[in-house]
Amino acid sequence: MPGPTVEMEPVEPQSLKKLSFKSLKRALDLFAPIHGHFAPPDLESKRIRLSHKIQLEYGGIKSTTNPNQVNTTQSDGNNQASTPSYALALPGTENSKDPRIGGTQNALVVGSSVQPEGLNEVSFPGKSAAVVSSSRPSERNLSTSAIMERIPSKWPRPVWHPPWKNYRVISGHLGWVRSIAFDPSNTWFCTGSADRTIKIWDVGSGRLKLTLTGHIEQIRGLAVSNKHTYMFSAGDDKQVKCWDLEQNKVIRSYHGHLSGVYCLALHPTIDILLTGGRDSVCRVWDIRSKMQIHALSGHDNTVCSVFTRPMDPQVVTGSHDTTIKFWDLRYGKTMATLTHHKKSVRAMALHPKEHAFASASADNIKKFNLPKGEFSHNMLSQQKTIINAMTVNEEGVMATAGDNGSLWFWDWKSGHNFQQAQTIVQPGSLDSEAGIYALSYDITASRLVTCEADKTIKMWKEDENATPESHPLSFRPPKDIRRF
């Protein structure tokens with residue numbers, strides 16, 4: 001006959017993490033009897049450390065005082081109340097109570113309790129006598145932080161810029177829109193697409209003016225000459241073409257690339273053309289004679305970005321091999337190689353006024369000075385995506401476009417990211433087609449045009465109604481600056 005059943009108390013289900021923490025706590029209670037308490041301070045090492053820091057911090061002040069007055073460490077309370085004091089009092093630990101004085105005593109008093117002679121005549125910029133008092137025992141030993149000099153941040157404060165908004169969407173291409181270039185007169189711009197056509201659009205109205213066909217693969221690079229009526233295009237079909245815009249047809253082709261051409265740039269002062277491609281070479285062409293002047297070889301992978309400038313270094317290339325190279329155009333040799341990036345340098349932007357440029361890769365956006373290529377600083381945020389294109393205008397607004405459709409706006413001077421916009425795909429497209437492949441300011445830098453994977457062209461402008469009060473600047477200067 002079974003006995004009476006005993007009701008068991010329900011056991012609370014506990015996770016493995018909670019059980020391991022409980023086991024760890026029991027082990028600490030068992031083997032560490034002073035668990036939860038600080039170790040007793042080593043008074044001698046504390047005295048040596050503090051005296052060294054005090055000597056570094058207040059050595060200049062001590063040297064201007066009377067030697068007989070410097071050693072005054074502790075005086076009567078009545079004298080202290082009647083005499084102006086320049087002492088530094090540091091809070092002590094629980095053991096720093098003096099039984100002769102009813103209450104808590106500060107652990108250390110440094111400096112003179114009598115006003116030094118001539119102190120009013122001598123001023124030390126950036127140094128000041130500070131009094132730190134404590135009415136209760138401090139839970140932390142604040143002796144190090146109390147005498148540490150507080151240095152104000154020297155990071156430049158960003159300039160306020162109004163946010164940008166999308167005001168027009170242009171559709172007309174039948175494939176990804178991969179490249180863009182503006183006419184120097186600012187009346188039209190051209191876009192190249194994966195549908196193998198180049199379309200020319202009116203800047204003011206956004207209407208299609210012309211469609212040019214001739215490439216047999218997608219068009220990755222476009223440039224319009226400001227001295228001739230020429231437009232240049234390059235694509236995955238290894239071809240580089242020169243279009244005469246008076247006849248709207250190809251008048252020259254530049255043969256030599258062994259694989260697809262990914263980027264294209266025109267020299268601002270000389271009649272030469274630069275193209276970089278998947279054959280790891282940046283080729284320099286004479287526009288008129290179609291001859292190849294140089295093959296700038298040295299990269300280990302695809303050359304995906306290039307820009308030119310009138311002074312040395314006249315050619316700067318970025319590559320999938322994570323390096324940026326400066327080239328001597330006279331000899332076709334490398335002047336310098338920058339190895340700061342850890343990922344492919346897919347985009348670069350030259351500042352229109354300053355002697356500086358920015359480069360973007362998936363790890364960071366970095367700013368460099370020219371002509372030497374000294375690293376300036378990283379931008380203060382990470383877009384955390386593959387950055388396909390970037391541009392900067394004269395007002396110091398830099399825009400970077402990512403593979404995930406993110407369009408971020410930055411203040412050039414400080415590296416502060418003041419707006420994070422996200423493109424919206426046109427109806428009928430997948431969300432994964434929210435990538436931006438190219439972007440450019442117009443000649444006045446008041447409009448921004450982006451070329452996207454949903455086959456549209458979007459135009460952006462500054463919000464005229466925005467004010468510093470309606471869109472305040474939230475900026476915190478960086479604390480730890482990575483110098484690489």
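Just so it is clear, the structure is predicted and the values come from calculations on it, not from any experiment.
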(message) Closer than 3.5 angstrom, by distance alone: can the side chain of Thr391 be matched with the main-chain N or O of Ala399 as a donor-acceptor pair?
(response) no
(request) Ignoring hydrogens and angles, tell me if any N or O in the side chain of Asn393 forms a donor-acceptor pair with the backbone of Val397 under 3.5 Å. (result) yes
(request) Determine the minimum heavy-atom distance between Ser440 and Phe182, stating which atoms define it. (result) OG-CD1, 3.7 Å
(message) Could you tell me if His355 and Asn369 have a donor-acceptor pair between their side chains, going purely by distance under 3.5 Å?
(response) no
(request) Could you check if a side-chain atom of Trp164 sits within less than 4.5 angstrom of a side-chain atom of Asp463, using non-hydrogen atoms only? (result) no
(request) Could you tell me whether the side chain of Asn186 reaches within less than 4.5 Å of the side chain of Thr444, counting heavy atoms only? (result) yes
(request) Check Pro268 against Arg309 and note the closest heavy-atom contact, atom names and distance. (result) CG-C, 3.9 Å
(message) I'd like to know if the side chain of Gln314 and the backbone of Met311 have a donor-acceptor N/O pair within less than 3.5 Å.
(response) no
(message) Could you check whether any side-chain heavy atom of Thr450 comes within less than 4.5 Å of a side-chain heavy atom of Tyr437, counting everything from C-beta outward?
(response) no
(request) Could you tell me whether Trp176 atom CH2 has more than 12 heavy atoms of other residues or ligands within 6.0 Å of it? (result) no
(message) Could you check whether any side-chain N or O of His267 sits under 3.5 Å from a backbone N or O of Thr269, counting only pairs where one atom can act as donor and the other as acceptor?
(response) yes
(request) Could you check if a side-chain atom of Leu264 sits within less than 4.5 angstrom of a side-chain atom of Leu222, using non-hydrogen atoms only? (result) no
(message) Tell me if the CG atom of Asp42 is crowded by more than 12 foreign heavy atoms within 6.0 Å.
(response) yes
(request) Check the pair Arg283 / Leu274 against side chain to side chain contact (heavy atoms under 4.5 Å, CB included), numbers first and verdict last. (result) CA-CA 6 Å; Arg283 299 184 189 271; Leu274 297 110; over 6 Å; no
(request) Using modelled atom types only, decide if a donor and an acceptor are shared between the side chain of Ser319 and the backbone of Thr302 within a distance under 3.5 Å. (result) yes
(message) To the closest 0.5 Å, what do you measure between OG1 (Thr322) and CG (Asp300)?
(response) 9.0 Å
(request) Identify the heavy atoms of Tyr262 and Cys304 that sit nearest to each other, and give their distance. (result) CB-CA, 4.2 Å
(request) Could you label the plane-to-plane angle of the Phe418 and Phe409 rings as parallel, tilted or perpendicular, counting under 30° as parallel and over 60° as perpendicular? (result) tilted
(request) Verify, without hydrogens or angle tests, whether Lys458 (side chain) and Ile424 (backbone) share a donor-acceptor contact under 3.5 angstrom. (result) yes
(message) Between Lys367 (side chain only) and Trp412 (backbone N and O only), is there a donor and an acceptor less than 3.5 Å apart?
(response) yes
(message) Quick one: does any side-chain atom of Asn166 pair with a main-chain N or O of Arg168 as donor and acceptor, under 3.5 Å?
(response) yes
(request) Answer whether the closest heavy-atom distance between the side chains of Lys353 and His351 falls below 4.5 Å. (result) yes
(message) Under the criterion side chain to side chain contact (heavy atoms under 4.5 Å, CB included), I'd like the reasoning laid out for Ile365 against Asn378: C-alpha separation, chi angles, the key distance, then a yes or no.
(response) CA-CA 6 Å; Ile365 301 171; Asn378 285 331; over 6 Å; no
(message) Under a 3.5 Å threshold, yes or no: a donor from one side chain and an acceptor from the other, between His341 and Thr323?
(response) no
(request) Evaluate the side-chain proximity of Cys263 to Val303: yes if any heavy-atom separation is below 4.5 Å, no if none is. (result) yes
(request) Please answer whether the main-chain N or O of Gly260 pairs with a side-chain N or O of Asp236 as donor and acceptor at a distance below 3.5 Å. (result) no
(request) State whether a side-chain donor-acceptor pair under 3.5 Å links His340 with Lys366. (result) no
(message) Tell me which one of Val284, Thr334, Val281 satisfies side chain to side chain contact (heavy atoms under 4.5 Å, CB included) with Leu296.
(response) Val284
(request) Apply side chain to side chain contact (heavy atoms under 4.5 Å, CB included) to the pair Asn417 and Leu380, showing each step before the final yes or no. (result) CA-CA 7 Å; Asn417 170 229; Leu380 301 185; over 6 Å; no
(request) Check whether any side-chain heavy atom of Cys451 lies under 4.5 Å from a side-chain heavy atom of Leu439, and answer yes or no. (result) no
(message) Could you check whether any side-chain heavy atom of Val261 comes within less than 4.5 Å of a side-chain heavy atom of Arg220, counting everything from C-beta outward?
(response) no
(message) Show the nearest heavy-atom pair for residues Trp155 and Phe475, with the distance to one decimal.
(response) CD1-CZ, 3.5 Å
(message) Just verifying a value: how many Å separate Gln383 CD and Trp410 CH2, rounded to the nearest 0.5 Å?
(response) 6.0 Å
Side-chain donor-acceptor distances from residues 324-331 under 3.5 Å, at least two apart:
from	atom 1	to	atom 2	distance (Å)
Lys325	NZ	Thr337	OG1	3.1
Trp327	NE1	Thr317	OG1	2.8
Asp328	OD1	Arg330	N	3.0
Asp328	OD1	Arg330	NE	3.4

(message) For His257 and Asp279, which I'm curious about, is there any donor-acceptor pair between the side chains at under 3.5 Å?
(response) yes
(request) Find the distance between CG (Leu407) and CD (Gln422) and round it off to the nearest 0.5 Å. (result) 9.0 Å
(request) Taking all non-hydrogen atoms of both residues into account, name the closest pair between Ala466 and Pro163 and its distance. (result) CB-CD, 3.5 Å
(message) If we ignore hydrogens and angles and just use 3.5 Å, is the side chain of His299 paired with the main-chain N or O of Asn301 as donor and acceptor?
(response) no
(message) Under 3.5 Å, is there a donor on one side chain and an acceptor on the other for Ser406 and Gln420?
(response) no
(message) For a quick test of reading the model, state the closest non-hydrogen atom pair linking Ser381 to Asn364 and the distance between them.
(response) O-OD1, 4.3 Å
(message) Could you measure the distance from the NZ atom of Lys343 to the NE2 atom of His320? Nearest 0.5 Å is fine.
(response) 12.5 Å
(request) With rounding to the nearest 0.5 Å, note down the distance linking NZ in Lys165 to CG in Leu448. (result) 14.5 Å
(request) Would you give the length of the straight line joining atom OG of Ser376 to atom CG of Leu370, rounded to the nearest 0.5 angstrom? (result) 11.0 Å
(request) Determine, step by step, whether Glu462 and Glu395 satisfy the side chain to side chain contact (heavy atoms under 4.5 Å, CB included) criterion, reporting the C-alpha distance in whole Å, the side-chain angles of both residues, the deciding distance to 0.1 Å, and the verdict. (result) CA-CA 12 Å; Glu462 290 181 342; Glu395 295 174 1; 3.7 Å; yes
